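Quick caveat: nothing in here was measured; it's all calculated off a predicted structure.
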Amino acid sequence: MPMTFKKGASSEKPPHIANNNAFLGDCFTSDTDKEHQITSGFYRQEAGTPLVYTYDYDEMKIILEGNFTMKDETGYEVTAGPGDTFYFKKGCTITFSSTDYGLAFFVGLRPKGTA
């Protein structure tokens, strides 16, 4: 099938991944060998314990709702809102937090379920 569709994916809360306030769900993965697969989905961070994550793949995010504060291992910090886009290079460590909640759409160079 050349096109796949998932209705209302951004309105569903992704599965819980860490702490009591971080959620991530993969939606689609390209149909190619694992080394070249790209996976997309949604990430939600709620107020509370920050999530510290080290990327072992390249990823891009666009913020859809709410706000995120992101800080890299060098201390560089940015607060982001809807429409802001990010590129996370393989090997970087990012600390994610939110004053309320943030919802982002991501695309990463990784197989499904390996975040």
Taking Y55 as the starting point, is it possible to reach V52 by hopping between hydrophobic residues whose side chains are less than 4.5 Å apart?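 No, it is not one cluster - the side chains of V52 and Y55 are not joined through contacts under 4.5 Å.
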
Of all heavy-atom pairs between [X] and [Y], which one has the smallest distance, and what is that distance?
{"X": "Q37", "Y": "K112", "answer": "OE1-N, 4.2 Å"}
{"X": "A104", "Y": "K61", "answer": "CB-CD, 4.1 Å"}
{"X": "S30", "Y": "H36", "answer": "OG-O, 4.1 Å"}
{"X": "G66", "Y": "P82", "answer": "O-CD, 3.3 Å"}
{"X": "G25", "Y": "P15", "answer": "CA-CD, 3.6 Å"}

Quick one: list whatever passes side-chain contact (heavy atoms from CB on, under 4.5 Å) with T79, sequence neighbours left out.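 In terms of side-chain contact (heavy atoms from CB on, under 4.5 Å), with neighbours along the sequence ignored, T79 is linked to T69.
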
For T54, enumerate each residue passing the side-chain contact (heavy atoms from CB on, under 4.5 Å) test, keeping only those at least two apart in sequence or located in another chain.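 Residues passing side-chain contact (heavy atoms from CB on, under 4.5 Å) with T54: T93.
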
Both conditions, 6.0 Å and 45 degrees, for the charged tip of R110 above the ring of Y57: are they met here?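 The answer is yes; both the distance and angle limits are met.
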
State whether F23 and K13 meet the cation-pi test: NZ (Lys) or CZ (Arg) under 6.0 Å from the six-membered ring centroid, and within 45° of the perpendicular axis.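 Pair K13/F23 counts as cation-pi.
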
Looking at F86, F106, Y53, Y43, which one forms a ring-ring contact (aromatic ring centres under 6.0 Å, His included) with F96?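 The passing option is Y43.
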
For a 4.5 angstrom cut-off between non-hydrogen side-chain atoms, does [X] reach [Y]?
{"X": "F28", "Y": "T39", "result": "no"}
{"X": "L51", "Y": "Q45", "result": "yes"}
{"X": "M70", "Y": "F88", "result": "yes"}
{"X": "F105", "Y": "S40", "result": "yes"}
{"X": "I62", "Y": "V107", "result": "no"}
{"X": "L103", "Y": "F42", "result": "yes"}

Which one of D58, L109, T32, T29 satisfies the side-chain contact (heavy atoms from CB on, under 4.5 Å) criterion with I38?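 So, applying the side-chain contact (heavy atoms from CB on, under 4.5 Å) to I38 and each of D58, L109, T32, T29, only L109 qualifies.
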
N67 (side chain) donor-acceptor with T99 (main chain) under 3.5 angstrom: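 Yes; at least one donor-acceptor contact below 3.5 Å.
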
Counting only N and O atoms by type, is there a donor-acceptor contact under 3.5 Å from the side chain of D72 to the main-chain atoms of G75?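 Yes.
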
Would you please say whether a donor-acceptor pair under 3.5 Å links the side chains of D100 and S98?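 Side-chain D/A pair, D100 to S98: absent.
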
Can you tell me if D33 has over 12 outside heavy atoms packed within less than 6.0 Å of its CG?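 Atom CG in D33 is crowded, with more than 12 foreign heavy atoms closer than 6.0 Å.
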
Other ILVMFWY residues reachable from M60 by side-chain steps of under 4.5 Å: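 Under the 4.5 Å side-chain rule, M60 groups with Y87.
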
Which residue, R44, E46, E65, forms the side-chain hydrogen bond (donor to acceptor under 3.5 Å, both in side chains) with Y101?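 Of the listed options, the one satisfying the test is E65.
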
